[in-house]
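Bear in mind the structure is a predicted one, so any value in this text is a computation, not a measurement. Chain naming here is simple, since letters A, B, ... match the order of the sequence lines and numbering starts at 1 in each. Side chains included, hydrogens not; waters and symmetry mates left out as well; all remaining heavy atoms used.
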2 protein chains.
Amino acid sequence: MVSQKRRSEICAAAVELFDERGYYGTGMEDIAKVVGIRASSIYNHYNSKQQVLGDVSVQITEQLLREHAACLVGVSDPREKVRASMRNHVRFHATHAPQVRVSNREVKALQDPYAGIVRQLRRDYVQRWVQIIEEGCRQGLFTIADSKIATYYMVDMGTGVSVWFRPGGAYELDDLCELYANAALRLLRAVPPN
Amino acid sequence: MVSQKRRSEICAAAVELFDERGYYGTGMEDIAKVVGIRASSIYNHYNSKQQVLGDVSVQITEQLLREHAACLVGVSDPREKVRASMRNHVRFHATHAPQVRVSNREVKALQDPYAGIVRQLRRDYVQRWVQIIEEGCRQGLFTIADSKIATYYMVDMGTGVSVWFRPGGAYELDDLCELYANAALRLLRAVPPN
DNA sequence: CCTACCGATCGGTAGG
DNA sequence: CCTACCGATCGGTAGG
């Protein structure tokens with residue numbers, strides 16, 4: 001049987017284990033044990049361990065871009081685009097922390113074709129930020145030296161949330177999203193009203 | 001022979017390989033091959049692969065704190081402390097990129113006593129940032145909602161440099177340090193003169 | 001989905 | 001610093 005349910009069970013187990021022990025530190029036996037089957041049975045759903053990692057990485061990266069595009073619908077002010085992008089970035093990295101940690105940490109373990117796909121998606125994502133920032137600069141709303149560096153400021157800062165954020169901890173996610181959105185506009189020296 | 005030279009050769013080879021393929025993806029054979037000896041000979045210098053990773057991680061983390069302390073000598077204005085800290089953080093993460101990537105990526109693979117030591121050093125480092133920021137707030141120089149979050153902004157942003165920075169690339173390291181130092185003061189809403 | 005099994009490689013040890 | 005070797009585990013396959 002090659003049910004979609006089993007496939008996603010394997011995927012979920014793999015994410016947890018890759019996150020905990022890394023791609024090379026996780027055996028097919030480990031994944032199978034969590035799912036409740038034998039290691040050899042995984043090969044009815046995936047051709048290789050590499051394909052499991054590829055599936056996880058491509059899926060989560062595509063989802064990030066999809067949700068980013070969705071959060072910008074109907075927004076025209078570049079300052080609001082930055083706010084929405086930052087909120088989305090932080091929320092995504094907090095709520096899909098294991099997946100983004102794995103896809104960031106194991107990007108070097110990823111081989112083609114997955115590696116090429118994921119790298120291209122990441123370039124697209126950075127490029128979207130760059131274009132929003134440059135649009136704001138042209139409108140005289142932002143003042144920055146380099147739009148690429150400004151993008152790294154914000155993306156790297158928000159990605160860090162996936163490492164230290166704990167649901168139910170000291171910080172409420174909604175509050176965090178607002179703090180980061182405001183911080184982004186400060187980084188860009190955005191003219192008020194923010 | 002347990003020469004210090006051999007030990008650091010093993011260390012250097014291990015950093016490159018751990019960075020490239022991860023801790024679990026790297027065998028003692030791989031490290032030995034780079035050094036030009038047999039895998040079993042590494043055990044004349046280290047008791048285990050874990051000890052090699054521990055050595056790398058503790059050393060680089062101690063060095064970060066040492067250089068951070070040194071960059072603050074004679075500085076009293078909190079704004080200048082933030083500038084110096086940010087410049088040091090970025091420069092360190094750019095010039096020791098493989099080491100910090102390994103020590104960040106493999107922190108979960110680290111066992112006690114190394115894990116405990118490294119985690120404590122990291123807490124110390126964060127605490128130093130927090131105290132500088134709170135000092136600036138008390139003096140009315142900074143305006144922020146949460147000093148811990150503000151620390152994460154800056155530390156995470158600067159740590160990102162270790163991932164994308166390439167020496168001899170589009171950005172000069174000195175310029176980058178200044179850009180990040182200025183960005184840090186914007187994040188803190190520092191009062192001029194900056 | 002299973003059992004049975006492949007050759008390769010793993011970290012580490014014994015002994016010199 | 002080496003050779004020789006340990007038991008365990010690796011990703012993956014054959015065959016049902």
If you measure only the distance, is there a donor-acceptor pair under 3.5 Å linking the side chains of Gln4(B) and Arg7(B)? no

Return the CG to CG distance between Leu64(A) and Asp124(A), rounded to the nearest 0.5 Å. 11.0 Å

Distances under 3.5 Å between nitrogen or oxygen atoms of protein and nucleotides 14-16 of chain D:
none

To the nearest angstrom, how far is Asn47(B) atom CG from dG12(C) atom C1'? 11 Å

Rounded to the nearest Å, what distance is computed from the CD1 atom of residue Ile42(A) to the P atom of nucleotide dC2(C)? 10 Å

For Asn104(A) and Arg122(A), test the side chains for any donor-to-acceptor distance below 3.5 angstrom and give the result as yes or no. yes

Spacing of Thr95(B) atom OG1 and Gln99(B) atom CD [to the nearest 0.5 Å]: 8.5 Å

Is it possible for you to check whether Arg87(A) lies under 6.0 Å from the centre of the six-membered ring of Tyr180(A), through NZ or CZ, and within 45° of that ring's axis? no

Relative to each other, are the rings of Trp164(A) and Tyr171(A) parallel, tilted or perpendicular (30° and 60° limits)? perpendicular

So, Arg83(A) side chain and Ala181(A) main chain: donor-acceptor pair closer than 3.5 Å or not? no

For DNA chain D, find the residues of residues 18-39 of chain B with a heavy-atom distance under 4.0 Å and give them by number; none if there aren't any. Ile37(B), Arg38(B)

Intra- and inter-strand pairs of DNA chain D in dot-bracket (Watson-Crick or G-U wobble, both distances under 3.5 Å; | for another strand): ||||||||||||||||

In terms of heavy-atom contacts, Lys148(A) and Asp146(A) come closest through N-OD1, 2.9 Å

Can you check the Tyr43(B) OH to dC2(D) C1' distance for me, whole Å? 15 Å

Does Lys81(B) form a salt bridge (Lys or Arg N to Asp or Glu O under 4.0 Å) with Glu135(B)? I'd like the steps, not just the answer. CA-CA 10 Å; Lys81(B) 286 186 185 175; Glu135(B) 185 191 19; 3.1 Å; yes

Do Arg101(A) and Phe18(A) have side chains that get closer than 4.5 Å, going by heavy atoms? no

